Each structure stands twice: as structure tokens, then as C-alpha cells.
Amino acid sequence: MADDKKLTPRAEDFSAWYNEVVLRAELADYSPVRGCMVIRPDGYGIWERMQRALDDMFKATGHRNAYFPLFIPESFLHKEAQHVEGFAPETAVVTHGGGKALEEPLVVRPTSETIIYAMFAKWVQSYRDLPLLINQWANVVRWEMRTRLFLRTLEFLWQEGHTAHATHDEAEEEARRMLGVYRDFMEGWMAMPVVTGRKTESEKFAGALRTYSCEAMMQDNKALQAGTSHNLGQNFARAFDLTFQTESGGTEYAWNTSWGVSTRLIGGLVMTHGDDKGLRIPPLLAPTEVVIVPIWRSDEERARVFEAAERIARSLGDWERREPNRLRVRLDLRETLKPGAKYYEWEMRGVPVRVELGPRDLEKNQAVLVRRDTGAKQPASLDTIGEDVEALLESIQDAMLTEARARREAHSVRGAITYDRFREIMDGEGAFVYAGWCGNAACEAAIKEETKATIRVLPDEEFRSAEPPTHCLKCNQPATSEALWAKAY
RNA sequence: CGGGGCGUAGCGUAGCCUGGUAUCGCGCCUGCUUUGGGAGCAGGAGGUCACCGGUUCAAAUCCGGUCGCCCCGACCA
């Protein structure tokens, strides 16, 4: 068992490490159904914090929540040609209900564009009804062949924003705005830096005019598509007759956007921040930010230490920080485990700050604060522990983003590069490679075929190289754009 | 769907070749002693050996079939 206590190191087998962390940190467990997962309280707690933060951001940008049904008439999916082509192979279909065959099979939503724009068509008559800005929190089902906890399961939780606008430019602005919201969330809350940009034709959403994406680098140097935002143009409006009267009395199709992030983000969080001791959760998303571990020898000491620990837990729990919410504190009073065993457990679970409190500390009116990200210890006076913990949490949140960004930059490659060198990189450690592309889908496909790497995005300006690449990585023809290449999840 | 692995207590496993009393560790329960980096001792509970069929006096073990899960490759948030 001694060996079982340690995780498989990331360097030895990243995939095994990931599975072990998710299971042992009790974020999730396998379900009896292949490809499905149970999200356990510690995993769901992270999701709840993500939801709250994102939901506030959606509301702040004018969106309202609604809920659309799980079942979609199969015919709806067929109304948009690209869309059905993209999703039909991976839908689950209900053919029977109440013991009888249904007249029309029902698709379990793989995404809700069809049902939502069908409803929008009923609700929108005039330009005065626009823009219509809706979000829904829901589960969706996609019948994937190969699944992985959080990263790809048959059923997953997500949010999908759906909007309708009077003009192309407004829709474009909306799609870009929500991509920005995602980026702010991923960097500000998840401490996960992303590269934003536009997807190529071959990688865009089925039915979209344009797809934008946030791409994050995992610790195995592979890219994770963490969130996407689509300008759907008028494709769905045409398919579902979503029209409105213009100011001048004409009739036009509305312009739509959709955008989503899912519980996949939790997988991204694990693979961005986890280490060989387990999970590391950025404080803002941690269901428990602080765990207090009391230390004692005699019964007399236990009584004293417990009393003090409870007092500190209360005062920390009541500590009002600048943002008006309280510290999320947990007090570990279990008497069957030694302190060391508790340390290992809370490290596995990723709690950002541990407070150690023993008799020697009490004599000095202090406690020891230990940060999960670096393992560094520091004493804190019991008189100022609230401020100290708050400051430490803020420092951890910042440090985690800085560290993740530095790691990404250390594994990014820019500047002139030969195709041979590129192949070498993709065969080896992997990287984010910024290189020229001629714009030809054939080159994109050939590279994917030969190296498994794909164009993650055509990066937004701030991510592009100071010296734009001049030639296509593959065919050496003049480049029409700079592309970010990587292997992806 | 192709390749690989696995199904024995909550978890991890031994036993299978060569059929005969279900193995060990962790965890769990009780008690005592412990507790500043994964505690010790003693006692205890816990099993349709994935499922179905066959061979046999007797099957976890041999034979036939079925199902499921995990990992690696072709699709994808």
C-alpha cells in the first residue's frame, strides 16, 4: 500500500496521473454506464463556483437565464445542413415512450441551437424585440467513442448562450464580447491563461459563420479548447424562419450567436495546476479555501488546541474581506488520523491554505500557514490571521496564474521553423507553435495527418508574433496568416 | 470498430498453469496507547470469485458463450 499512497508522477504517465487525481481528490467517479461520470461534491463544488462567477458575468452583460427542453424533434436537427452533418453521428435518439414507438423520434440535445431558434422565431417580430440575449444552464449528450473524466463524457453540464441581433456587426460584437468574458473568467478565476483567436473553416462549429475559441495549454503541452463563441450569421435564422420587421418596414433574418463552456473546464483546471501531490485549486474556485489542522499530544492539550482551533475557524469564517464574502473554512477535528496524514489528504484535494495549530503555536499566540501552491510555511499571529490568510490567498491566486503563464511561454515556439523541426517537436514534448499558414485546408489536413497537430486558432492580434511569419509551415508558399499549432484534447 | 489489459470483500490484489478449507495489504468497526509530515497493538465485521451454460463426486481454477470496464489508435466541448 505504501506505493499506492503516491500518485503516478506526471512525467511518467500524464494520463494515468490525471485519472488518479480526479478519482482520489474525489472530484468524480465512473458511473455504471460506459462513458458517463458522477460528479462528486468536491467536483461539483468547483462547478458551482464556476457557475456563480460566470452567471454574474453573463448577467452583467445583459443576458437572462431560461431553460429549454432536453428533447428535440429529430426533424429540427435536419433543418440546418451543416449542423446536422456535424451532430447527427453523435446523437442519442429516443424512439419509444410509455411503451409505444414515437411517431417522430426525439433527439437528446447535443446542443440547443435548433430548439432555441425555433422558439426565438415565435418571440421575435420586430427590431424592437432585439437583441434577445438568453443563456441556459443544462446538460447535453454527445455519443463520443472515447471518453475521459470531465474532458469528454457522453453527458456533460454546460451553459449555452444564444442571442439574436438585428445586424451582422452586432452579432459579431456579441460573439467577440463573450469570448472576452470567457477569457477574463479563465484567467481571473481559474488562473488558466488562454490564447484567443478564430478557428479555421475545418475546425469551426457545424453551422457557424465563424467560431472563436479560448485555448489553454495543459502540462503535457497539449491544447485544451476551453470555450467557444460562434457568430452563427443567419444560418439558423433561415432554417427556422427567425425574421423581424426592420425600422423601415422590411423583413430580415436575424443574426445569431451562441457560446458555451462546460464541466470540461474542471479537467482543464486539474491539468493546468495539479502537481505530483495532487490537485491545486485556485482560491477563488476552491470550495474550501482554508483547512485548519489541530495538533496535540495529551487530552489537556487537545482540549486547549480544539478550543483555539474552533475560535480561529469562527473568526476566519466571519472574516469579511474586501469583496463581501466570507472565507470558506474547514476544521479537521478527526482524531483517528495523525496530522501528517491529514496534510497529505488536503494536499491531494487541493485546498489552497492549511493552518497548522499546535501547543507550541498557542504559546506564541500564532498559527502556521502553509500554501498549497509552493508548500511554503509562515507563522501568523492569531491577532491578524484573518488579514494574513486573505493576503495569502490573493497571493496564491496571482502566483498560480503567473506560473501557468510562464510554463506556457516556456513551451511556446515562435519564429522561422522548418517542417522537420516542427515534426520533431510534435513527436517529442509538444508545444504551442506559432507558424505561417497559406490558408489552404489541404496543408492543414496534411499536417494533421502527419503530426496529429492541428491549428488551434488563428490567434488574435495580441498573441501574434512581433515578426509575422512569411511562409506556410507546410508548403512554403506565402503565408496569409499566423496559426497556432498544437496537439489537442 | 481495431489493438492491449482487466473483472475475486469498499479499494488494491494472491490463488488459475497442475480442480478439493477464499490469500494478503489498505480501508472499516471495538478497545487501549498514540498524534508538529502517511501511528502501534489486540480483537472483529465484511465474499452470488462479472454473468450464463457445460465437464466433474467436486469449478475462482478446465471448456464454450455473453456482458462490462480501463488503456492505446480512427470522431469531438
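Keep in mind the model is a prediction, meaning the values are calculated, not measured. Order of the sequence lines fixes the chain letters, A, B, ..., with proteins taken first and strands second; residue numbering starts at 1 for each chain.
- Nucleotides B:G43 and B:U35, compared at atom C1', are 23 Å apart to the nearest Å.
- With B:A39, B:G37, B:G73 as the choices, the nucleotide that has an atom nearest any side-chain atom of A:Lys338 turns out to be B:A39.
- Counting any heavy atom pair closer than 4.0 Å across all strands shown, A:Asn19 reaches sugar-phosphate atoms only and no base atom.
- Side-chain atoms of A:Ser262 lie closest to B:A77 of the nucleotides B:U35, B:A77, B:G36.
- Rounding to whole angstrom units, CG of residue A:Asp29 and P of B:C11 are separated by 10 Å.
- Between A:His162 and A:Phe120, the gap from one ring centroid to the other reaches at least 6.0 Å.
- A distance cut-off of 5.5 Å between ring centres, combined with a plane angle under 30°, places A:Phe156 in a stacking arrangement with the base of B:A77.
- Between the base of B:G37 and the side chain of A:Glu347 there is a donor-acceptor pair shorter than 3.5 Å.
- Using a 4.0 Å heavy-atom cutoff across all strands shown, A:Gly260 reaches no nucleic acid atom at all.
- Look at A:Glu289 and A:Arg372 and you find no salt bridge, because none of the NZ, NE, NH1 or NH2 atoms lies under 4.0 Å from a carboxylate O.
- Proximity note for A:Trp296 (side chain, C-beta onward) versus B:G38, B:U35, B:G36: the nearest is B:U35.
- Every side chain to side chain contact (heavy atoms under 4.5 Å, CB included) that A:Phe306 has, sequence neighbours left out, goes to A:Pro294, A:Trp296, A:Arg302, A:Leu333, A:Glu335.
- Here the C1' atom of nucleotide B:G10 and the CZ atom of A:Arg24 are 15 Å apart, to the nearest Å.
- For the pair A:Lys204 and A:Lys377, both in contact range of RNA chain B, the more 5′-proximal nearest nucleotide belongs to A:Lys377.
- Counting any heavy atom pair closer than 4.0 Å across all strands shown, A:Arg354 reaches a base atom.
- Here the C1' atom of nucleotide B:C75 and the CZ atom of A:Phe87 are 12 Å apart, to the nearest Å.
- The side chain of A:Glu90 sits closest to B:C76 out of B:C76, B:G36, B:C70.
- Ionic pairing of A:Asp275 and A:Arg10 is not present here: no N-O contact between side-chain nitrogen and carboxylate oxygen is shorter than 4.0 angstrom.
- Here A:Lys452 reaches the OP1 or OP2 of B:A74: one of its side-chain N or O atoms lies under 4.0 Å away.
- Within the structure, every side-chain polar atom (N or O) of A:Arg146 is placed at least 4.0 Å from both OP1 and OP2 of B:C76.
- Taking the C1' atom of each, B:G10 and B:G5 are spaced 23 Å apart, rounded to whole Å.
- Residue A:Leu151 is classed as a base contact, given a heavy-atom separation below 4.0 Å to a base.
- A:Pro359 comes within 4.0 angstrom of a nucleotide base, judged by non-hydrogen atoms across all strands.
- Nucleic acid contact for A:Leu337: base, since at least one base atom lies under 4.0 Å from a heavy atom of the residue.
- Comparing the C1' positions of B:C69 and B:U61 gives a spacing of 23 Å, expressed to the nearest Å.
- Ring centers of A:Phe150 and A:Trp47: at least 6.0 Å apart, outside the cut-off.
- Between B:A77 and A:Arg152, no contact under 4.0 Å exists linking OP1 or OP2 to a side-chain N or O.
- Other residues, nucleotides and ligands contribute at most 12 non-hydrogen atoms within 6.0 Å of the CZ atom of A:Arg64.
- Closest to the side chain of A:Arg297, from the set B:G36, B:A77, B:U35, is B:U35.
- Between B:G7 and B:C17, the distance separating the two P atoms is 15 Å to the nearest Å.
- Counting to the nearest Å, the P atom of B:A74 and the CD atom of A:Glu450 are 14 Å from each other.
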When Watson-Crick pairs (N1 to N3 and N6-O4 or O6-N4) and G-U wobble pairs (N1-O2 and O6-N3) count only below 3.5 Å on both distances, what is the dot-bracket string of RNA chain B, with | for other-strand pairs? ((((((((.[[[..)....(...]]].((((((.....)))))).....[[[[[..)....]]]]])))))))....
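- Across the C1' atoms, B:C24 and B:G3 are found 33 Å apart, a figure rounded to whole Å.
- Checked against A:Leu357 for a side-chain contact (heavy atoms from CB on, under 4.5 Å), the options A:Val368, A:Val293, A:Ile312 give a single hit: A:Ile312.
- For the C1' atom pair drawn from B:C70 and B:C29, the interatomic distance equals 32 Å after rounding to whole Å.
- At a threshold of 4.0 angstrom between heavy atoms, the contacts of A:Ser213 with the nucleic acid are absent.
- A donor-acceptor pair shorter than 3.5 Å can be found between the side chains of A:Thr454 and A:Arg456.
- Here the two rings, on A:Phe76 and A:Tyr117, have centers that are 6.0 Å apart or farther.
- In this structure, A:Tyr344 packs face-to-face on the six-membered ring of B:G38, meeting both the 5.5 Å centre cutoff and the 30° plane limit.
- Comparing A:Met145 and A:Phe150 by the nucleotide of RNA chain B that holds the closest heavy atom to each, the one mapping nearer the 5' end is A:Met145.
- A:Glu144 comes within 4.0 angstrom of a base, heavy atoms only.
- Considering only side-chain atoms of A:Ile295, the nucleotide from B:G73, B:U35, B:G37 that sits closest is B:U35.
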Verify salt bridge (Lys or Arg N to Asp or Glu O under 4.0 Å) between A:Asp373 and A:Arg371, making sure each step is shown before the conclusion. CA-CA 6 Å; A:Asp373 61 335; A:Arg371 52 192 290 174; 2.7 Å; yes
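- If you check every strand for non-hydrogen atoms under 4.0 Å, A:Arg302 touches nothing.
- The P atoms of B:U21 and B:A59 are separated by 11 Å, rounded to the nearest whole Å.
- Contacts of A:Ser15 with the nucleic acid, taken as non-hydrogen atoms under 4.0 Å apart, involve only primed sugar atoms and P, OP1 or OP2.
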